[in-house]
Number of protein chains: 2
Amino acid sequence: MNVTGHTRGSASIRDVAAAAGVSYQTVSRVINGHASVKQSTRERVLAAIDELGFRRNATALALARGRSRAVTVLTANTTHYGYASILQGVEEAARAAGYSVGVGVLESADEAAVTVEVQRAADAGGGLIVIAYDPAGVRALEAVPAGLPVVGVVETPASDPTGDRPWVWTDDRKAAYEMTRHLLSLGHETVHYVAIPSSTRRTSARTDGWRQAVQEAGAPEPPPLQGGWGPAGGHAAGLELARDPSVTAVLCGNDDLALGVLRALHEAGRPVPGEVSVAGFDDAPHSAYLTPSLTTVRLDFTGLGRAAFALLHGVLEESAPVAPRPVSVPELVVRESSGRPPA
Amino acid sequence: MNVTGHTRGSASIRDVAAAAGVSYQTVSRVINGHASVKQSTRERVLAAIDELGFRRNATALALARGRSRAVTVLTANTTHYGYASILQGVEEAARAAGYSVGVGVLESADEAAVTVEVQRAADAGGGLIVIAYDPAGVRALEAVPAGLPVVGVVETPASDPTGDRPWVWTDDRKAAYEMTRHLLSLGHETVHYVAIPSSTRRTSARTDGWRQAVQEAGAPEPPPLQGGWGPAGGHAAGLELARDPSVTAVLCGNDDLALGVLRALHEAGRPVPGEVSVAGFDDAPHSAYLTPSLTTVRLDFTGLGRAAFALLHGVLEESAPVAPRPVSVPELVVRESSGRPPA
DNA sequence: ACCGCGAGTGTGACCGGTCACATTCATCCC
DNA sequence: GGGATGAATGTGACCGGTCACACTCGCGGT
């Protein structure tokens, strides 16, 4: 069946050459649209290509050309809204630049597992984009062997443990600060905080922003609750907060957490925003449609992804190395879930 | 700086060989863990590898070995919960099998654009997995050139227009049927349906299942509303349904639509499930935490992704070709948003 | 002393393209 | 008429690995 005797169907450039009665180089010229090929020859080659179903082997091309035009995105999860949006942004920019994108999921934050995964991504060739919002990601960023082109998507540059590499970020600290101030300005005595897992040993940017606002206002500073990533964690934290009648405002590390808190408050019979105000972080697509709709901070995740790619692209192509900078200014979105405290 | 004169830092197998005073073949043996290498030699090579920071070039390896161990997932969106979960499932299975996974986003359903994207994915090498739940995906599946290993993730096999290729699916038709019957069994006179965009010219599997149940029950069959993919579409459809006092049960094509419907009913002052029951499809992670929590159908998306990869893997490795089969039985999850109709 | 054998190592070709350079041949110009 | 010019095409090496095979030992068996 396999006429050419090749691995998998596809004919090579030399098969085409033979069929068209020219040299392989002429075929190469044709498929690259090189000018100096006689019209009649070109047509003959094109016909042969068509007949043999030739398609240029990407692997060989990458090897010959020297560079692979590929980036791999390393992330703890593809399902989480923020992560998925970053990935989408990277893909968008990569596609525009003619790059292909790969994904690697960091299944566990375990040192060894992460290292293996980074290795795999590394020998996939091309550059690396690591989403380092969580422990697994941060560890992955650390595990990237020196000399490999990599860009980290981090919470904040200050908290980045691998200071000598490019990164992109949004100003989460400022956003959390602003949101906390907003809640305080509504008249709340203080604002409680339900945290996402911090990406580093130290505290997170969002936590910092919240703390700063609370301290500046001279308000009491309740210990942040750990909520994990999903609504389940938020729910647990929410039940705890609901028990404390002094709680009137809760800021959550992301919208999923906020959803869990909302639900817990509902179950505990504490109306939102009547008794308690709740705010989230991320502006996930469903947040506007919750009841009550969620006050939150809008982050431009796809923009972040695009910026990450742009940065990496600069490194890979050795063109003007784009300077790392905060990518976007998070925007407060005030909806129904926040309001004045009960009189 | 660049001692070896190579493209990008990394030393080749021959550089290592020179440094260790052996032939390149011996180096190859060492990095492949071949047995017959003298211990002392092995150590010398390993030392050289370490010193030069050698890492094996994936491109060259793929070329030499003949096959690339890569799959590309083509999808209209990475952000949507179901799609993202399928991707995650594919990645999981691919990783376990030593494959790398790429992503291509189909930005528009436009014929030409889709073709371009398929081309790109095709010459990325390896196999293809196309998520064909929507028009863009279906078109992509159609545009895959013959002879390319591809697996489609489709709504239902019957509605698959390219019948000669392997595919995976969940039995959405049955799931919609069951859910509709469930709602009818609660005493609702009929069930209205808010549809996701159908993947084909014809009607979709979910719509079919709904229709069948309604017809079997001899209930009136209201025309399905088109809702799009996101909560916004559901919201619009919901507002329309809210105006009709005879509406007491609404089945939605996915959970996002259901969320929009829920919101619309709330705005219209129609309590759920007091006056209207609402059911979704997918069991997205937030659906359990909505208020009211959402009755829905749980689909095993990651399992679907894993199955898609398994199928493709079988094709690629030419081992026992796994037979296409429905991957999982969707499961009804009854929560607060559904109940008896008002008396 | 000779052969066989297996451990340890090296050589050449190859995967499927690209690149740099060489070649052929018609044309143009002085 | 002869060299310069340039269009059209071919040749060889190369990218960085792998594979198939050949080679060189040292050693044991007969």
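The basis for the numbers below is simple: all heavy atoms, side chains too, and nothing from hydrogens, waters or symmetry mates. All chains are named by letter (A, B, ...) in the order of the sequence lines, taking the proteins before the strands, and each is independently numbered beginning at 1.
Residue-environment remark: CD (A/Q119) exceeds the threshold of 12 foreign heavy atoms within 6.0 Å.
Taking atom CZ of residue A/R44 and atom C1' of nucleotide D/dT9, one finds them 11 Å apart after rounding to whole Å. Put simply, NZ on B/K38 is 17 Å from P on D/dT24, counting in whole angstrom units. Rounded to whole Å, the distance from NE2 on B/H34 to P on C/dG10 is 14 Å.
Contact check, B/T26 against C/dG10: a side-chain N or O comes under 4.0 Å of OP1 or OP2.
Between the OG1 atom of B/T26 and the CZ atom of B/R42 there is a distance of 10.5 Å, given to the nearest 0.5 Å. Once rounded to the nearest 0.5 Å, the distance linking CG of A/D134 with CG of A/L106 reads 7.5 Å.
Here the nucleotide nearest the side chain of B/S36, chosen from D/dT9, C/dA7, D/dC15, is C/dA7.
One side chain, B/Q39 or B/E43, offers a donor N or O that lies under 3.5 Å from an acceptor on the other. Side-chain atoms of B/Q88 and B/T302 form no donor-acceptor pair, as typed in the model, at a separation below 3.5 Å.
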Short N/O separations, protein against nucleotides 17-20 of chain C, under 3.5 angstrom:
| unit_1 | atom_1 | unit_2 | atom_2 | d |
| --- | --- | --- | --- | --- |
| C/dG17 | OP1 | A/N57 | N | 3.3 |
| C/dG17 | OP2 | A/I13 | N | 2.8 |
| C/dG17 | N7 | A/R14 | NH2 | 2.5 |
| C/dG17 | O6 | A/R14 | NH2 | 2.7 |
| C/dT18 | OP1 | A/N32 | OD1 | 3.4 |
| C/dT18 | OP1 | A/N32 | ND2 | 3.1 |
| C/dT18 | OP2 | A/S28 | OG | 2.6 |
| C/dC19 | N4 | A/Q25 | OE1 | 3.2 |

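Residue contacts shown for A/T41 are limited to sugar-phosphate atoms, with no base heavy atom under 4.0 Å away.
With salt bridges taken as basic N to acidic carboxylate O contacts below 4.0 Å, none links B/E142 and B/R139.
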